[in-house]
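The next block holds one structure in the form of structure tokens; read it before the comments.
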Amino acid sequence: MNFYNSVNFPINFNNHQDISESSDIIKHFHTPITTATSVLGIAFNNGVIISADILGSYGSLARFKNFSRILQANKNTLLGVGGDIADFQYLKELIQGKMIGEECLEDDIPLKPASLLCWLTRVMYNRRSKIDPLWNNILVAGIQDGKPYLGFIDKLGTAVEDKLIATGYGAYIAIPLLRDALEKKPDLNKQEAEELMKKCMEILYYRDARSFNKYELAILTTEGTEFKGPIEIKANWSISNDVCGYE
Amino acid sequence: MILANTESNSSLKSHNTRFNPYDDNGGSIVAIGGDDFVVIASDTRLSTGFSIYSRNQSKLFKLSKKSILGSSGCWCDTLTLTRLLNARMQMYLHEHNKEMNTPALAQMLSTMLYYKRFFPYYVSNILAGIESDGSGWIYSYDPIGNVEKCKFRAGGSSGVLLQPLLDNQIMLSNLQNIDEQPLSLEKAIKIIQDVFTSAAERDIYTGDEIRIMSITADCFKEEKIQMRKD
């Protein structure tokens, strides 16, 4: 028996298998505390666009109102993260560490988005296998061999590649709008993709109670990266006067 | 009063459930082996609950020139298992200077699944392969490594829906006065298309597109067939 096991802690930090029969306190270790809502991504004809609002919620409280959660991993990869903010900040450190490791090789071979996604999949899967997940959704967007690339990973390590991705509430509200738009015009250009994204963010702001009226956009094309924001949504709530029967 | 208390307690507990490391991402696999061919198909829908992750995700993995794995269920487990399988196929290739044959691969997969007996890969696997005599065979697995060698199998979210249909259409069970003819690849693909269409009508986790891979002595073929997308 090692030292930590012999010390009488009020809560057992060491053994994750004790969760089921222990007190409720332990359970809270495995639930998100401060959270961020949906992340959206679209792959268009020569690049990718992702967006996320800048709110960190503490339950229903709008706790952190200027919290950016879009990162640039390297020259050809962007990341957008939703879910628990503490886990996101840990993940950010981990990814930055990985990027420094890649840079130290000095081989002029930048890590491609699909490789980063694959690596993140292993990180997430290993944590879920310890029953101690990183409670995040990660969107990986970039240019892979000259082509737009968009992928997604959840807290289990489930990985998906697609032309459209929306996490959280966006999966229910934005995905139908995005799919509809892409069905009508499969090959969007940068401007159309940006307009579509802005429309989706606005609709999400109206419907998702944990969303915020300020968001960021990041566009990555073969020419480079463009960060926009925080963009403010000029909401029009005048219709709310006509809503009745829900008081 | 006490009764009311315990009721509210139990409802609270069921609401505050423990983290679940598994997910059911759906998807179906059908495989048929003939005298000189093997064919395996999957749909391309990847779901979670009532939402669709992707309409374009094949669940087939070509492991060697002579074998294809179909794997559906918990997608993160599928990804992990197939990545591990590919690594071990590579190791075998480098060690023996030849690809692993189908029966060896079938046994290795069973062992790899059983290794995780007490925290299983939550996956329904169907391995389709050509054996040394050129005949096509199917190996089907449960999540903990039980394996059965057979001529045709349906698995995944529509497995229980499709297996009796295959029994009827391929084994010609419950039919009278029918002269049995050897199954051709063309006929097998037609049956696959029909059974997937039927599954898509009843199972919300099956749909979008069928991906079919077939292997014969001299060629490997891949095709796509569209299905309903609602």
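Order of the sequence lines fixes the chain letters, A, B, ..., with proteins taken first and strands second; residue numbering starts at 1 for each chain.
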Max heavy-atom pair count under 4.5 Å with chain A, selected residue of B:D23, B:L79, B:T80
B:T80
Look at [options] and state which one has the largest set of heavy-atom pairs under 4.5 Å with chain B.
| options | answer |
| --- | --- |
| A:K155, A:M124, A:R122 | A:R122 |
| A:F152, A:W135, A:Y172 | A:F152 |
| A:A171, A:P133, A:C118 | A:P133 |

Which atoms of [X] come close to chain A, meaning under 4.5 Å heavy atom to heavy atom: side chain ones, backbone ones, both, or neither?
| X | result |
| --- | --- |
| B:N56 | neither |
| B:F119 | side chain |
| B:S51 | side chain |
| B:Y22 | both |
| B:N20 | backbone |

Looking at A:R179, I want to see if its CZ is surrounded by more than 12 non-hydrogen atoms of other residues, nucleotides or ligands under 6.0 Å.
yes
For B:K98, I'd like to know if atom NZ has over 12 heavy atoms of other residues, nucleotides or ligands within 6.0 Å.
no
Strictly distance-based, threshold 3.5 Å: is any side-chain N or O of B:D43 a donor or acceptor partner for the main-chain N or O of B:E209?
no
Are B:K65 and B:F220 in a cation-pi contact, defined as NZ or CZ under 6.0 Å from the six-membered ring centre and within 45° of the axis?
no
Ring-face cation of A:K190 near A:F44 (centre distance under 6.0 Å, axis angle within 45°):
no
Charged N-O contact under 4.0 Å between A:R128 and A:D154:
no
Do you know the tightest heavy-atom contact between B:G27 and B:T206?
C-OG1, 4.5 Å
Under 4.5 Å heavy-atom distance to chain B, tell me which part of A:S129 shows up: side chain, backbone, both or neither.
both
